[in-house]
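Chain letters run A, B, ... following the sequence lines, proteins first and then strands; every chain starts at 1.
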Amino acid sequence: MTNIERKENQIMEEIKNRVRTILTDGSLDYKQKKHHLAYIAESTQSYPEVSAEAMTALNEKVICDLFEGSAPYRPRYILPDYKLALKKGVKYLELDPPTDLDEAINFLSILYAHVPSITGYSVYLGNIDQLLLPFTGDLSEEAITKKLKLFWRYIDRTLPDAFVHANIGPEDNVIARTILRIERELKQVVPNLTLKYDTDITSDDLLIEAAQTVFEVAKPHIANHKMTAADFKSDYGVVSCYNSLPQGGGSHTLIRLNLKKITDSHQGNAEAFISETLPKYCQITLDIIEARIKYLVETVNYFQNDFLAQEGIISLENFSAMFGFYGLAECVNQLMASSGHNYCYGKHEEANQLAHRILEEMKKQVDSRPLPYCEANNGKAFFHAQSGIDIDIEETAGARIPIGEEPDIYAHINTVAPHHHLFNGGISDIFHFDETIKRNPSAILDIIKGAFKKGMRMFTFNLSDSEFIRITGYLVRRSDLKDFREEGSRYGSALFAANSMDNADVDKRIAKRIDSHERTAGQY
Amino acid sequence: MSELQANISGIIKSSVIDGPGNRMVIFFQACNLNCLYCHNSHTIGLCNLCGLCVQNCPTQSLKIDASNKQIIHNASTCTHCDNCLKNCPENSSPFYKKMTVEHLISEIEEVKDFISGITVSGGEVMLQSEFLKQLFISIKTHPELNHLSILVDSNGNIDENRWNQVLDWVDGFMLDIKAYSSDVHKKITGHTNEKILNSIRYLDSKNKLSELRLVLVPGYNNSKEEIETISGFMQSLSPEVRKVLIKLRKHGIREKYHYLSEPTQLDIAQAVEILESDKHKLLVI
């Protein structure tokens, strides 16, 4: 056997072993196995052509492609123009435009099953109230509730992925209210939910209804509609974990830079970090983004072949890519410590200022790099504070303040709000409230309105004793976590991290119907 | 602007339990009642510079500043053991501060975008009604603060002229009825309650009473007769007044009153049965 043959044999053996591991893994159901097998098949292909330095950064997780796979054959985030589809029908699926609510729900249910994504499940279900309102006719609220409840059950059972995301608002309407009511009643993990909130459009009543829903099921997130809408040429949707993207398009890819790791290996002070290390790694990240986009568009020819593109439900002009990062807090704290200061992000003004400079520099790098097939954002990537995944043990999500180190609510908002405007691709900070707020939901309104006035783009909050627990950006049910460590923990800080890890342990023992497929895809 | 000062025992910039919405709460030092179950007994008295707290501080974090008639507190060495509070014969504290209206306004300005309003509490705030009037006028005539609602949390043991000083500037008052019978009231608070009952009636007649609370103290104010007379009094007030039944909680009350017992489920149920009516809903917390 030649050396090459020996190497090939070895690779084949490895693949066989990985396949066997999946086939025999009792924690995966049939569909999850298929998803992971496809990932292995994809991994047999060479990575889109990038420099050796970029490849090393990927292998060492300095830059993370979030398990998108080595041969992108579908965009990471697709936001179909469901409104257009409902109006025109879908030839590929032999669907005529619906004429009533039953037909509309049935139409969408079918279409959802055919929207590609990294997880295999559509990350976007549409601005569901706007989509369905034209079909309510003279139906009673009772009739609407019954139909929507079945629809919601269908979504949870057939799209069992925590990243599947629906939007409602900003207008107050019967569908939005019914959905919130159904959410409180059914207590499902799927779909994730965002309320687009606009002070001038959304009623206080609807926002209170939303807050009361958060008390029960830790969703919806509240998006600052006016601020987000201004970043897009036409309609946008909030999908997956706080990613805001153009409707009728989406994002080819999301590559995130690990700011902690590049700080670990950085030699020199904060100035050198901002002027040398950071720009260098931003460009490598953008190189990887560019290579992946080209592979998808030019090699796979996705936009020529997929029915969504062929029928105009998505179009290439409405796509861009996402540049993400995480571990800002660790990056800032380490740079501060190495210059002899004990200043922490979220606690000290000096550290906060450094954080802002780092973010501004990254934004500058992203905005000055032209990318192919990114017309949706004028040829540039969307900038995104990535909300983390379970494998992030040492790094804090995006630009968040580390769990357990958050200052009081006003200081917290005042620290993060000044940089929210940078993130046209989305950003999130999670706030925790004591149970007493349940008796006084208008207090939440005050804080959300104040936060948006200060320039926050997205507001997510949790109750300290909620049955639903948010892990980075998606939800799990407390009762789904068998060995949840509850004792002695005040919510918020240590508990959150514990959840993340406990969840990972649970994954290994029992098959779960609902998963965060994005996270698990690269385990095998 | 005025040079008036008030003794402020603390400020909470975000509270969700002191009235509707998110509120900033300002606590005033000194009270004219002395309730057995007071959870903030260190806000009852004023400091007379006796120095017992200084002597009892294990970390020497307190010093008497005789010339300025105040206690100086070193926050960096203080371990928050509360020995000073436990040893104060005046039910006071070395921590309250004198603050001006201007100072409080600047504190409110910091959080104005996040709150529905402010609540003043105590101690007994109305003892400093002249200061309150200045504070409230400053808020309601301030272009960026005038949207804030003002709530006053008071024990009601105050003459009518003091209410009149602030009435026009206040959105609502939250008062307690600690007992209806004067004897029971005296046992709980050390004082009789004629003034308090008058205050409740007066504020209600002015449509300014937003909340009336009863703290249920077993063995004191939970007899059938007592609850029935309280109920009759409550029913005579406007239905719009929010009525709240609060369970006595022993956490945080002075050690010498630890013999008090918390009400049982049955105690609560019996009180609710008498107090609640179709027109007068009762919130139990």
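- Heavy atoms of B:K112 lying under 4.5 Å from chain A are absent altogether.
- Residue B:K97 qualifies as open at atom NZ: its count of foreign heavy atoms under 6.0 Å is 12 or below.
- Of the listed residues (A:I413, A:D408, A:D434), the greatest number of heavy-atom pairs within a distance under 4.5 Å of chain B belongs to A:I413.
- A distance-only check finds no donor-acceptor pair linking the side chain of B:N22 to the backbone of A:D446 [under 3.5 Å].
- Between the A:Y410 side chain and the B:V111 main chain, no donor and acceptor come within less than 3.5 Å of each other.
- Atom CD of A:E141 is surrounded by 12 or fewer heavy atoms from other residues, nucleotides or ligands within 6.0 Å.
- A 4.5 Å side-chain heavy-atom check between B:F114 and A:K449 finds every atom pair outside the cut-off.
- Atom NZ of B:K206 sits in a sparse spot, with 12 or fewer heavy atoms from other residues, nucleotides or ligands closer than 6.0 Å.
- Residue B:E273 qualifies as open at atom CD: its count of foreign heavy atoms under 6.0 Å is 12 or below.
- Counting heavy-atom neighbours within 6.0 Å of A:N342 CG, excluding the residue itself, gives a total of 12 or less.
- Interatomic distance, CD1 of A:I409 versus OG of B:S14, reported as 6.5 Å (0.5 Å rounding).
- Closest heavy-atom contact between B:V16 and A:N440: O-ND2, 2.8 Å.
- Considering every non-hydrogen atom in both A:S442 and B:P20, the closest pair reads OG-C, 4.1 Å.
- Interface remark: A:I444 contributes no atoms to any contact with chain B (heavy atom separation under 4.5 Å).
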